[in-house]
Protein chains: 2
Amino acid sequence: MAGVRAAQKEKTRRALIQAAMNQLSAEHGYASLSLREVAREAGIAPTSFYRHFQNMEELGLTLVDEGGLALRQLLRQSRQQIAKGGSIIRSSVTTFMEFVANNTAIFRLLLQEKSGNSREFRLAVQREVEHFTAELVDYLVDEQKFDRTIAELHADAIVRIVFSAGADALDASPAERKELLETTIAQVRIVARGAEATRTLARSQKS
Amino acid sequence: MAGVRAAQKEKTRRALIQAAMNQLSAEHGYASLSLREVAREAGIAPTSFYRHFQNMEELGLTLVDEGGLALRQLLRQSRQQIAKGGSIIRSSVTTFMEFVANNTAIFRLLLQEKSGNSREFRLAVQREVEHFTAELVDYLVDEQKFDRTIAELHADAIVRIVFSAGADALDASPAERKELLETTIAQVRIVARGAEATRTLARSQKS
DNA sequence: AAATTGCGTGAACAGGCGTTCACTGACATA
DNA sequence: TATGTCAGTGAACGCCTGTTCACGCAATTT
């Protein structure tokens, strides 16, 4: 009843997930990931893989899920920093970029599969990103009193810019990353100013 | 001296490129593209492949080159239409989205390899995108009299947004694409307004 | 204590892969 | 007309792949 058995199973499951993570890199993407190699790295026989996942695809979707979870944790972390005061934009973008730097493999997976081969994968990643955007929209509506229509455009634009910059950061040196960070912050500010101007415009047309 | 031989060689070379294009799809990405399958579709023996390319990688880079070239030509064409009058932003974004809709395979390749496995690929795609951005910067500086610093931020932000929207368009239905187009146009306008506001701000600080 | 469950195994399979090699035969050159 | 070039070939290679199967054996249940 101690569940020694179940614990051992979970342990090898984690080993498989970790092995897959380790094998993911810039040169060796998910598509060219083999069941046998993953099993080898996890230290089990290829056949045992099937005790835990039906497919490599199922493993992959698990990775995407875990990546999304990590991203959401990041968001929460970022919001706490905002509460302490300081520039909302700077602290959010900085946190995001730190995540990218510290979780290269998982972010690369998310990006790859965002425009990747499997429809199910793409939808899974898209869901994660939408979640991200939705929280930003709520923030803009609640805290900054934007119209929902403008806030949606605004948030979507920011997410697109920041994710795209994150992608570039993967290949960048620390110095380049620093520059990329500042550029991105400046761009997000431009969008914020543009959204503000658009709001003013809408108001003047309304009256 | 008629060059019958050279013509035939070029023809099979094109057949190989076309075959690779045909095999590229949402489900079957470049990474899982096999020399033998490409040769089969091109109607030649696997061994003959080596008469034209040293690697699959070399073929892939050719695809990226051709894709980028096509995209740039299209946009230049679009800019000529602009000269005839009409909204710069609308016509550019529309042209871009039409390209994406009509060249799904090649655009998907560009996106995949932008965050893909091979460093050389990534750099090749990055070069294409930078080329793209550079042309936009020049336009903003020459025609719209922006400072180069602001123009660079501005152009980079636009390219990030538009490419990201293009990626989403790949999976979208015609109706969704229409909506995506309008959203993107609105976002680009927001960025334009933000850049304008930023320029005004910079001027008032200077004086 | 006996019976059952289920994770991990090693052998075996058919099939795909990239790449080499010596060769053919149509075209180009002299 | 004789000679050379070179795109295309088919067989063969060693290697890696996903998946099946029956089996052992420790944890669990009865």
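To find a chain, count down the sequence lines: A is the first, B the second, and so on, and within it residues start at 1.
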Practice prompt. Flag the pair A:Glu182 and A:Arg90 as a salt bridge only when some basic side-chain nitrogen lies within less than 4.0 angstrom of an acidic carboxylate oxygen.
Written response: yes
Worksheet item: To the side chain of A:Ser34, which of D:dG18, C:dC7, C:dG18 is closest?
Response: D:dG18
Would you give me the side-chain donor-acceptor pairs under 3.5 Å for residues 133-143 of chain A, sequence neighbours excluded?
residue	atom	partner	partner atom	Å
A:Thr133	OG1	A:Val129	O	3.0
A:Glu135	OE1	A:Arg79	NH2	2.4
A:Asp138	OD1	A:Arg148	NH2	2.8

Worksheet entry | Protein-nucleotide distance (A:Lys9, atom NZ; D:dT28, atom C1'), rounded to Å | 14 Å
Worksheet item: So A:Phe163 and A:Phe96, would you call those rings parallel, tilted or perpendicular, with 30° and 60° as cut-offs?
Response: tilted
Worksheet item: Would you call B:Asp171 and A:Arg119 a salt bridge, taking side-chain N to carboxylate O under 4.0 Å as the test?
Response: yes
Worksheet item: Atom CD of A:Glu58 and atom C1' of D:dG18: how far apart are they, to the nearest Å?
Response: 16 Å
Worksheet item: Which whole-number value in Å describes the distance from A:Arg5 CZ to D:dA27 C1'?
Response: 5 Å
Worksheet item: What integer distance in Å separates B:Arg14:CZ from D:dA7:C1'?
Response: 18 Å
Fill in: Gap between atoms CD and P, on B:Glu57 and C:dG18 respectively (whole Å)
14 Å
Discussion item. Expected output is a numbered-order residue list: members of residues 38-55 of chain B with a heavy atom under 4.0 Å from any atom of DNA chain C. What is it?
Written reply: B:Arg40, B:Thr47, B:Tyr50
Donor-acceptor pairs under 3.5 angstrom involving side-chain atoms of residues 36-43 of chain A: please list them, not counting sequence neighbours.
residue	atom	partner	partner atom	Å
A:Glu41	OE1	A:Gln23	NE2	3.1
A:Glu41	OE2	A:Asn22	ND2	3.0

Discussion item. If you go through the side-chain atoms of A:Arg36, does one of them form a donor-acceptor pair with the base of D:dT19 closer than 3.5 Å?
Written reply: yes
Worksheet item: Tell me: CD of A:Glu10 to C1' of C:dC7, nearest whole Å?
Response: 14 Å
Fill in: For atom CG of B:Leu35 and atom P of C:dG18, their distance in whole Å
5 Å
Worksheet item: Hey, are A:Arg160 and B:Asp168 close enough for a salt bridge, meaning a charged N less than 4.0 Å from a carboxylate O?
Response: yes
Worksheet entry | B:Phe132 six-ring centre to B:Arg72 NZ/CZ under 6.0 Å and within 45° of normal | no
Practice prompt. For C:dC7, take OP1 and OP2 only and decide whether either is under 4.0 Å from a side-chain N or O of A:Thr12.
Written response: no
Worksheet entry | Atom-pair distance (CD on B:Glu37; C1' on C:dT19), nearest Å | 17 Å
Discussion item. Given D:dA27, D:dG18, D:dA7, identify the nucleotide with an atom nearest to the side chain of A:Val4.
Written reply: D:dA27
